[in-house]
Amino acid sequence: MRSLLFVILILIIKQTLIAQEPLVYDSSSVQLRSWNKEQINAYKADKVFQYERYKEPPKSIWDRFWDWFWKKINQLLNTREGSATFQTVLIVLAVAMLAFFILRLTGMTKVGLFGRKSGNGLDYTESEEDIHHINFDDAIEKAIASGNLRLAVRLLYLQTLKKLADNGLINWQINKTNIAYVSELSNTGYQPAFSNLTLQFESNWYGDIPIDTTTFSEVRDQFIQFNRQLFKP
């Protein structure tokens with residue numbers, strides 16, 4: 001209680017001392033200025049300063065559609081269900097992209113995953129017995145005569161795989177990828193050339209790239225030169 005009374009007393013004394021201080025009046029002169037009407041009118045006429053009169057050009061139907069679209073997306077993401085759905089979609093897309101790149105890096109395609117490509121003109125199945133019993137020379141000439149150059153490139157590649165397997169350079173199996181065969185040749189001098197042949201085959205067969213007679217002749221010569229380097233005919 002005494003402390004409170006002491007604080008009040010101090011405040012009263014301070015206020016009294018402040019009230020006793022003499023007032024000081026400002027005796028400096030005030031210079032009045034007037035507006036320059038010409039400058040004001042010039043500013044008013046300048047379009048740069050006419051903010052309230054500026055109008056954005058009207059949006060096209062396409063722009064209004066995207067404004068509406070992103071508004072709906074924003075409203076959807078602001079809900080718990082929408083946010084969860086969006087995260088699920090992102091996860092699915094990320095997994096799909098990862099799987100795609102893994103398959104591309106390993107040389108696997110939809111053909112290797114789900115079986116023989118339909119409508120390719122082959123009258124045989126890809127099995128371990130087939131690759132060792134096909135008469136590739138006759139099959140290649142038949143494909144060329146029918147104008148199916150993509151099939152001819154495929155047969156050239158299978159023939160090369162057979163020659164590599166016959167020479168013990170690779171262990172051919174139906175479920176192996178092309179990159180696996182390339183890796184098996186890492187300790188031989190055949191890997192760079194065979195890697196290039198593999199690229200030629202995949203770009204023409206899996207990539208559905210059209211191939212003309214000139215390009216086919218060049219690709220066929222590369223396969224023939226490579227096969228001549230192997231030990232057995």
Side-chain angles (χ1 to χ4, degrees), residues 94-233:
V95 172
M97 292 179 64
L98 180 62
F100 172 78
F101 285 114
I102 291 176
L103 293 179
R104 293 297 298 175
L105 290 174
T106 56
M108 295 181 67
T109 63
K110 60 182 180 180
V111 178
L113 290 175
F114 302 108
R116 182 168 56 92
K117 192 174 184 177
S118 61
N120 55 21
L122 292 176
D123 55 357
Y124 53 86
T125 58
E126 289 181 355
S127 67
E128 188 171 359
E129 290 75 24
D130 291 328
I131 199 173
H132 291 290
H133 292 85
I134 297 172
N135 188 330
F136 283 105
D137 292 333
D138 291 344
I140 292 171
E141 294 302 326
K142 181 180 178 181
I144 296 174
S146 63
N148 196 343
L149 300 182
R150 290 180 60 250
L151 175 59
V153 173
R154 176 176 176 79
L155 291 168
L156 285 170
Y157 190 75
L158 290 176
Q159 183 184 43
T160 301
L161 289 179
K162 179 182 181 301
K163 289 182 177 295
L164 289 171
D166 290 343
N167 285 278
L169 296 172
I170 63 171
N171 180 20
W172 189 87
Q173 294 179 6
I174 184 63
N175 294 324
K176 273 191 178 181
T177 61
N178 298 330
I179 196 171
Y181 296 126
V182 175
S183 298
E184 290 183 23
L185 297 176
S186 59
N187 295 327
T188 68
Y190 301 111
Q191 188 183 54
F194 181 72
S195 178
N196 180 62
L197 294 178
T198 301
L199 179 62
Q200 294 283 359
F201 161 65
E202 291 183 345
S203 62
N204 285 282
W205 182 253
Y206 298 133
D208 291 333
I209 298 177
I211 179 172
D212 52 27
T213 55
T214 302
T215 304
F216 173 75
S217 298
E218 296 175 355
V219 174
R220 187 181 188 182
D221 289 341
Q222 294 179 28
F223 277 99
I224 292 175
Q225 292 176 8
F226 179 82
N227 292 332
R228 286 175 178 174
Q229 299 175 11
L230 301 179
F231 303 117
K232 294 181 181 181

Answer whether the closest heavy-atom distance between the side chains of [X] and [Y] falls below 4.5 Å.
X	Y	value
Q173	N171	yes
Y181	L164	no
W205	Y157	no
I140	L151	no

Enter the distance from [X]:[atom1] to [Y]:[atom2] here, rounded to the nearest 0.5 Å.
X	Y	atom1	atom2	answer
F201	L158	CZ	CG	6.5 Å
S217	I144	OG	CD1	8.0 Å
K163	R228	NZ	CZ	11.0 Å
L197	Q225	CG	CD	9.5 Å
L155	I134	CG	CD1	7.0 Å
Q229	I224	CD	CD1	12.5 Å

Checking [X] now: which residues fulfil side-chain contact (heavy atoms from CB on, under 4.5 Å) with it, not counting sequence neighbours?
X	value
S146	N148
N135	D137, D138
T215	I211, D212, V219

Residues forming a side chain to side chain donor-acceptor pair (under 3.5 Å) with E141, sequence neighbours excluded
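Per chain and number, E141 pairs via side chain to side chain donor-acceptor pair (under 3.5 Å) with R220.
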
Who pairs with N196 by side chain to side chain donor-acceptor pair (under 3.5 Å), at least two apart in sequence or on another chain?
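Listed in chain order: Q222.
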
Give the ring-plane orientation class for F194 versus F226, where under 30° counts as parallel, over 60° as perpendicular and anything between as tilted.
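Because their plane-to-plane angle lies in the 30° to 60° range, the rings of F194 and F226 count as tilted.
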
Which residues share a salt bridge (charged side-chain N to carboxylate O under 4.0 Å, His left out) with E218, sequence neighbours left out
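E218 satisfies salt bridge (charged side-chain N to carboxylate O under 4.0 Å, His left out) with no other residue.
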
With sequence neighbours left out, which residue pairs that include part of residues 174-190 fulfil the salt bridge (Lys or Arg N to Asp or Glu O under 4.0 Å) condition?
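Passing the test, one end in residues 174-190: K176-E184.
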
By ring-ring contact (aromatic ring centres under 6.0 Å, His included), which residues pair with F216, not counting sequence neighbours?
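Once residues adjacent in sequence are excluded, F216 has no partner under the ring-ring contact (aromatic ring centres under 6.0 Å, His included) criterion.
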
